[in-house]
Amino acid sequence: MTSIPYAIPRRRARHAVARRFEAAGPLTYLFLILVVLGSIFPLYWSLVVASHTNAAVYAYPPKLLPGGNLFHNIHRLFNAGIVNVDFAKALANSAIVSTVVTVSVVFFSALAGFAFAKLDFRGRKLLFVLVLATLFVPVQLGLIPLYIEMKHFGWLDNIKAVIAPNLVTAFGVFLMRQYIVGAVPSELVAAARVDGCNTWRVFWHVVMPAVRPIAAVLGLLTFMMSWNDYLWPYIVLNARNPTVQVAVSDIATVAYVPDYSLILTGCFVSILPLLAVFLLLGRQIIGGIMQGAIKG
Amino acid sequence: MAAIEYRGLRKVFPGGAVAVEGFDLTIADGEFLVLVGPSGSGKTTVLRITAGLEEATDGDVLIGGEVVNDVPPMDRDIAMVFQSYALYPHMTVEANMSFGLRLHKVPKDVIKERVASAAQMLGLQDLLHRKPAQLSGGQRQRVAMGRAIVREPAAFLMDEPLSNLDAKLRVEMRAYLADLHQKLETTTLYVTHDQTEAMTMGDRVAVMRDGVLQQVDTPQALYDRPANLFVAGFIGSPAMNLVRTRLTDALAVTLGPTTLDLPEALLAKRPSLRGHAGGEVVVGIRPEDLEDAAFVPSANGSVLDVEISRAEPLGAEVIAHFPLDGIAGTARLNPRSTAATGKHLLLAVATDRLHFFDPDSGAAIY
């Protein structure tokens, strides 16, 4: 019988270790299920409350299953005679604000990121540091001067006041700059220039296609933040022309006894567009992220 | 097609690093000129200045007789092939090749015709709808060439285009590029640090060091008559053996215990050598000018007795390494030589092919 080389059991041991890392055990599944349940619960609870009458919210023991009142509550939500806000308009406003802000942030962040990453100009480093420095200024500190500015422009109570201050973000510029430094080789930019591109065309034809994965991530994050933004729209908009978050808060504050079923119907409906974005684009976004992570 | 000319080119980078200094050179219309030098010698900077990707601090670049210092890259009528190929990853092979033409608003039927013709020339017909990530290194290299060819430019600029290929493919592509140049006859400036590429591909070779042009000549002339110690040591593989020694009044040189008399034929080729009699010189011996004395019956006393420190039999030849007057000497020997590690060997020196350099200036003595 031939002797067994030492390498074989060692290799097996290594494979066993690798398997242990690669294959998820029951504890991992249990942990993940708990995390998923914890994440889903607030949404589920919104649905439960939104599908009952307001009286049922105070029932004991609490109702844990959805009721049959959801469509009635949705009807009430969109009926301007019952609630004091135009919820359909709020949804449309939020859709406009979030879309414009998202497109703008992705575009301008990529443009500035490209300039900071690939163009040579005097003061590039200083300007980039200044852009980064704005990340450290608390949002609350800018509210009053920004409000005065909006008032000066005559944009109060108009969604322009929500869109304009968010058209470009320092975080977006930073994210894009860091990505472009690594993902767009300088030789590619040089090749485009020799091929006949001016700086704008280099950006449009070479840089933009290359940043698609990170643009998808930045776009999604921006859309979420813009859709969920409450403080600034609450300051500059009113109940006649709100975004969806302002509208929900207005429903909450209108009566002496809050109508929780209506409030959570508003919350539930306001979440649906975000869910739709995830369900429709999730695969493309994750595909984009993975495409960016694996170099060809 | 067009000639490329450099007049007193100088490039100083921010921070004071001088990349190119006093660079004067003319590349004739249709010529294939190879710019060779070690890393940091300034050759890529010259190429990038030619392309318009870098601005010269001083001096002029002329393409087709016109100063192009202030002309943007897209208007210089040049095409460039990069070391990393720089293919647009989101475009197909066809889109990559036609991109430059589309930007220059060339009619669609002309674009189609040129892409088809270049694809046929480069064997890319079946790959036109693939993306760069789906291609091998050699295929990517050919696409990069195709992208340059379809432009039908006045000149090609190539920045180490073969250095990312494996050794076998590199040899194939070298021959391919040389054939292509014969076919197209487009002025080509080819930058490389690989002296084999330089010697095999260039009509002429320009050697650079520390931003300064050392010598420009045909490959053979560069090999046979190097202008200075740097060129002598850089061109040729294995490198020339360079030994500092004294030239006696009787015009002989001493290498180790051996004194080699210089033949009249050599002195006739290098008349200035007589002026260095009694002084120090650097003697250069190409490894192929040393041979196992057993195969040279007419060595006539021009023989060195050396101890072989390492013998490398390569089949077609034996490379022998040995210490010689404080340097590591190399000889390229007959494959049937008995040279073996640790053994003494008599090496015949082809004294009529010795090279001589001034030890102070490094300039060749002719």
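Chain letters run A, B, ... following the sequence lines, proteins first and then strands; every chain starts at 1.
- Shown here is B:Y176, whose OH atom has more than 12 heavy atoms of other residues, nucleotides or ligands within 6.0 Å.
- Contacts between residues 186-207 of chain A and chain B, defined by a heavy-atom separation under 4.5 Å, are made by A:E187, A:L188, A:A190, A:A191, A:A192, A:R193, A:V194, A:D195, A:G196, A:C197, A:N198, A:R201, A:H205, A:V206.
- Taking a 6.0 Å sphere around OH of A:Y29, one finds it holds 12 or fewer heavy atoms contributed by other residues, nucleotides or ligands.
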Exercise answer: donor-acceptor pairs, residues 223-230 of chain A side-chain atoms, under 3.5 Å, sequence neighbours excluded:
from   : atom 1 : to     : atom 2 : distance (Å)
A:W227 : NE1    : A:S270 : O      : 2.7
A:N228 : ND2    : A:M224 : O      : 3.3
A:Y230 : OH     : A:S249 : OG     : 3.4

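- Counting heavy atoms of neighbouring residues, nucleotides and ligands inside a 6.0 Å radius, atom CD of B:E113 does not exceed 12 of them.
- By the neighbour-count criterion of 12 heavy atoms within 6.0 Å, atom CD of B:E66 is sparsely surrounded, having that number or fewer from other residues, nucleotides or ligands.
- Within residues 87-98 of chain B, the residues that have a heavy atom under 4.5 Å from a heavy atom of chain A are B:L87, B:Y88, B:P89, B:H90, B:M91, listed by number.
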Sequence neighbours left out, cut at 3.5 Å: what donor-acceptor pairs do the side chains of residues 114-131 of chain B make with other protein atoms?
from   : atom 1 : to     : atom 2 : distance (Å)
B:R114 : NH1    : B:V150 : O      : 2.9

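- Residue B:Q134 does not touch chain A at all, counting heavy-atom pairs closer than 4.5 Å.
- Of the atoms belonging to B:L53, it is side-chain heavy atoms, and not backbone ones, that fall under 4.5 Å from chain A.
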